[in-house]
Amino acid sequence: MDLNHETGGALSGWAAVEQSILTILSTRLETRIFLREFGSEVPALIDAPMNDAGRLSLIVAVSEALARWEPRFELTDVELQGAATGVVSMTLSGNHRPNAHLGDFDTLTDQSQAIRIQRAGLDNWSLGA
C-alpha cells in the first residue's frame with residue numbers, strides 16, 4: 001500500500017505501480033537527500049535530440065531505472081513520441097507482477113499493462129491518457 005501523492009489517500013495495485021513509475025522516471029539522480037542514487041537519467045536525457053542515439057539512450061535509462069527501482073513492473077517495450085510543441089510521451093508496456101516487491105517474481109501473463117508518461121515543459125510530468 002502506498003500514499004497517493006495528490007490526495008494523501010491509500011493507493012494499491014496497479015495505480016500504486018503507475019505512481020511509482022512516474023516518480024522514478026521524473027526524479028533526477030542525486031536529488032533525494034537520503035537516497036542519492038534514487039531516480040533515473042531520464043530527466044537529463046529527455047531534451048536530447050531524438051535521433052537514434054538519443055532514443056536509445058532514453059530507452060536504456062528507462063529500462064535500467066525500472067529494473068532497479070520497480071520490481072512490480074517487468075518492462076517489455078518502450079515507445080517514444082515527440083511533438084513540435086515540446087511534449088514528449090513514452091508508452092511503457094510490460095507485465096504487472098503484483099507481489100514482486102515481496103520476492104514473488106512470477107510474471108502473470110494476463111496482467112500485461114501499458115502506461116503513458118508525458119512531459120510538457122520544465123519538469124511537468126504526468127500520466128498520459
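Here, residue 1 is the first one in the sequence, and each next residue gets the next number.
The backbone N or O of Thr7 lies less than 3.5 Å from a partner atom in the side chain of Asn4, making a donor-acceptor pair. Ser40 contributes a side-chain N or O that, together with a main-chain N or O of Leu25, makes up a donor-acceptor pair within less than 3.5 Å. At least one donor-acceptor pair under 3.5 Å links the side chain of Gln19 to the backbone N or O of Leu3.
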The test is side-chain contact (heavy atoms from CB on, under 4.5 Å); show your working for Val42 and Ile117 and say whether it passes. CA-CA 12 Å; Val42 171; Ile117 298 176; over 6 Å; no
Stepwise side-chain contact (heavy atoms from CB on, under 4.5 Å) check, Thr91 with Ile115: CA-CA 6 Å; Thr91 302; Ile115 178 174; over 6 Å; no
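Shortest non-hydrogen contact noted between Ala65 and Gly39 is CB-O, 3.8 Å. When every heavy atom of Arg72 is checked against every heavy atom of Ser20, the shortest pair comes out as NH2-CB, 3.7 Å. Nearest heavy atom pair, residue Asp2 against residue Ala16, reads OD2-CB, 3.3 Å.
One hydrophobic cluster holds both Val17 and Val78 under the rule that ILVMFWY side chains link at heavy-atom gaps under 4.5 Å. Linking ILVMFWY side-chain heavy atoms closer than 4.5 Å, directly or via other members, places Ile24 and Leu58 in a single hydrophobic cluster.
The closest side-chain heavy-atom distance from Gln81 to Met90 is not below 4.5 Å. Residues Leu66 and Ile21 form a side-chain contact, since some pair of their non-hydrogen atoms from C-beta on lies under 4.5 Å apart. Side-chain contact between Glu41 and Leu29 is present, with heavy atoms from C-beta onward closer than 4.5 Å. Two residues are said to be in side-chain contact when any heavy atoms from C-beta on lie closer than 4.5 Å; Asp104 and Arg97 fail this criterion.
Within a 6.0 Å sphere centred on CG of Asp77, heavy atoms belonging to other residues, nucleotides or ligands number more than 12. Shown here is Glu37, whose CD atom has more than 12 heavy atoms of other residues, nucleotides or ligands within 6.0 Å.
Taken from CG in Leu22 to CZ in Arg116, the straight-line distance is 14.0 Å, to the nearest 0.5 Å. Atom CE in Met50 sits 9.0 Å away from atom OG in Ser57 (nearest 0.5 Å). Taking OG1 of Thr23 as the reference point, atom CD of Glu18 lies at 11.5 Å (rounded to 0.5 Å).
By the side-chain contact (heavy atoms from CB on, under 4.5 Å) test, Asn51 pairs with Pro49, Ala53, sequence neighbours left out.
For the ring pair (Phe, Tyr, Trp, His ring centres under 6.0 Å) condition, the pairs that include at least one residue of residues 43-77, sequence neighbours left out, are Trp14-Phe73, Phe38-Trp69.
Side-chain contacts under 4.5 Å among hydrophobic residues (ILVMFWY), followed directly or transitively, place Leu56 together with Val60.
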